[in-house]
Undergrad: 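Mind looking over this structure? Questions follow.
Just follow the structure's listing: the first ligand is 1, and inside any ligand the first atom is 1. Quick caveat, the model's predicted, so the values are computed rather than measured.
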Amino acid sequence: MSLVPRPVSQIGDPAAAPFRLTTDTVVVTEAVTETTADILATALRASTGFALPVGTDDDAPRIRLSLDSTLSSTGGAYRLRVTEDAVDIVGTDLDGVWNGTQTLRQLLPAANWSTEPVTQDWTIAATVIEDAPRFAYRGAMLDVARHFFTVGQVERFIDQLASLKINHLHLHLSDDQGWRIEVDGWPELTRIGASSAVGGGAGGFYTANDYRAIVDYAADRRITIVPEIDVPGHTNAALSAYPELNADGVAREPYTGTEVGFSSLDIRGDATYRFLDDVFTQLAAMTPGPYLHLGGDECLSTPTEDFLLFARRASEIVAATGKTVVAWHEFGASPDLAPGTVGQYWNYVCPEAGHAEKLQSFVRQGGRVIMSPADAAYLDMQYPGIEAPGLAWADGPTSIERSASWEPTVMVDGVGETDILGVEAPLWTETVDRTETLEFLVFPRIASVAEIGWSPRRPLDWQDFRSRLAGVAEGWTAAGIAFHRSPEVPWFD
Ligand code: TNX
């Protein structure tokens, strides 16, 4: 069975008898790991048809989940031991237990990802895996502003991310083409601002309850939601809803194209900061995770002096909510970052002029960074030989091999291992308006970024990686994921 991301160590025991999942198997858990046990048992009941009761009975053949904080000081670490009698998953924390269950599912026959019962032998070869993540932040981003995705679509995506041990989902909740989150006291944001999308689609938005449902669903799968309200550029949707957010006091027309860089909040107006205060205070209250992302990218129509003024004031507003600010790397132009501000890098693996300095600024001011190089980690780039869906601006098309070949610590001088919080693969959705298209662009390249974020550093072993991709893709097939069957990978059929 193939594992992606590659674990720190795996030692098989071919001479030992395998574990066999049967009608008699039980899932043994402590109270604190019960949510993880229930999610695992629910999935395996669907595919195996077995009862798989969750409880504390330790006599039967079992899958046992437990916590042992002495296992490792690295959050998310786990040990998984498979013997004839038991699968034992020990996590150093709840994240570790969860991660162990995702490895277990990759060890099981691929049909365990099916949502229909499958009749077959459910054996797992005897093995011991010791594993821990390289980076604390392993992320994906979904742009729900260019096209809207429903709660159900986002939950499906969350399941897919969790299977690769990704633990952050960044939601790009606003842009020129749409505003996607309800804000008390600002009803036109959703009445007008949410009614557009790229290409003139219907749009949509999350109510506060919808958003909480996503947050909770993600939390049960050990995924932190990182909400982004992109300001002061990328704001046409807000500017169309409220005239007072515009410097000239005139509401903009809704926008359905794909240009960037033409919109800006009124940097000198009080309404702008009242607006940001309400938005970020409410978003903070709905978001249990530590981060609020305020965008800050491509502010091509905001004069530099205004941008710096805005960066300081907007940072203060977000910091006052108690959350850590995250911003795209252009924000590093500001000398007034809030303490601990995290910079997200979107320029190339080999930085173009002017970009490295901005990223270094976050580190100099005491923060850390998330690496999302557009020419390697952007999921919305075209695949070689296929013109749609996808964009090509970031040196695209982007092959799977390229998506797997970059090393985050050697890209920007002065930004090394301990400065890097982690990696993230963004999916911008100018060309994506449905689940099948999303899955086609995301899979398999998301697996590359998951492996870079999780596995111990080493140069890409392409033959090994592509054959492991082919292995895990059997599970993608069983799960009904519409992945791209790229000729780069030796798929099984
Ligand atoms: C650039 S890179 C953007 C987005 C676009 C994306 C398309 C960055 C932070 N912003 O506004 O959707 O390119 O690939």
Undergrad: For the ring pair Y383 and F440, is the centre-to-centre distance below 6.0 Å?
TA: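 Yes, the ring of Y383 comes within the 6.0 Å limit of the ring of F440, centre to centre.
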
Undergrad: Report yes if the distance between the aromatic ring centroids of W186 and F275 is under 6.0 Å, otherwise no.
TA: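 Aromatic pair counts; centres sit under 6.0 Å.
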
Undergrad: Ring centres under 6.0 Å, that's the criterion: do F148 and Y206 meet it?
TA: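 Ring centres of Y206 and F148 closer than 6.0 Å.
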
Undergrad: Report yes if W346 has an N/O atom closer than 3.5 Å to an N/O atom of ligand 1; otherwise report no.
TA: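 Such a contact does not occur with ligand 1.
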
Undergrad: Supply the atom-to-atom distance W406 CH2 to C350 SG, rounded to the nearest 0.5 angstrom.
TA: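 Here the rounded value is 13.0 Å.
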
Undergrad: Considering only non-hydrogen protein atoms, determine which one is nearest to atom 2 (S) of ligand 1 and report residue, atom name and distance to 0.1 Å.
TA: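 For this ligand atom, the closest protein heavy atom is Y378 OH, 2.8 Å.
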
Undergrad: Under 3.5 Å, is there a donor-acceptor pair between the S72 and T92 side chains?
TA: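 Distance-only check fails for S72 and T92.
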
Undergrad: Could you tell me, atom by atom, which parts of ligand 1 come under 4.0 Å of a heavy atom of M381?
TA: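 With M381 as reference, the close atoms of ligand 1 come out as 14 (O).
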
Undergrad: Under 4.0 Å from a heavy atom of E298: give me the atoms of ligand 1 that qualify, with their elements.
TA: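 Once the distances to E298 are compared, the set is 1 (C), 3 (C), 4 (C), 10 (N), 11 (O).
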
Undergrad: For ligand 1, which atoms sit closer than 4.0 Å to a heavy atom of L391?
TA: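 Heavy-atom distances to L391 below 4.0 Å select 7 (C), 14 (O).
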
Undergrad: Taking distance alone, with no angle check, do D143 and ligand 1 share an N/O pair under 3.5 Å?
TA: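 Between D143 and ligand 1, no N or O pair is found under 3.5 Å apart.
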
Undergrad: Looking at atom 12 (O) of ligand 1, what's its closest protein heavy atom, distance included?
TA: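 In this structure, atom 12 (O) of ligand 1 has E430 OE2, 2.6 Å as its nearest protein heavy atom.
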
Undergrad: Could you list which atoms of ligand 1 come closer than 4.0 Å to a heavy atom of D297?
TA: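 Matching atoms, with element in brackets: 8 (C), 9 (C), 10 (N).
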
Undergrad: Does the ring of W113 carry R105 above it, NZ/CZ under 6.0 angstrom from centre and within 45° of its axis?
TA: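 Flagged: R105 positioned over aromatic ring of W113.
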
Undergrad: Rounded to the nearest 0.5 Å, what separation is found between the CZ atom of R221 and the CG atom of L169?
TA: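 So the gap between those two atoms works out to 13.0 Å.
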
Undergrad: Near D380, which atoms of ligand 1 are under 4.0 Å from a heavy atom of that residue?
TA: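 Matching atoms, with element in brackets: 7 (C), 14 (O).
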
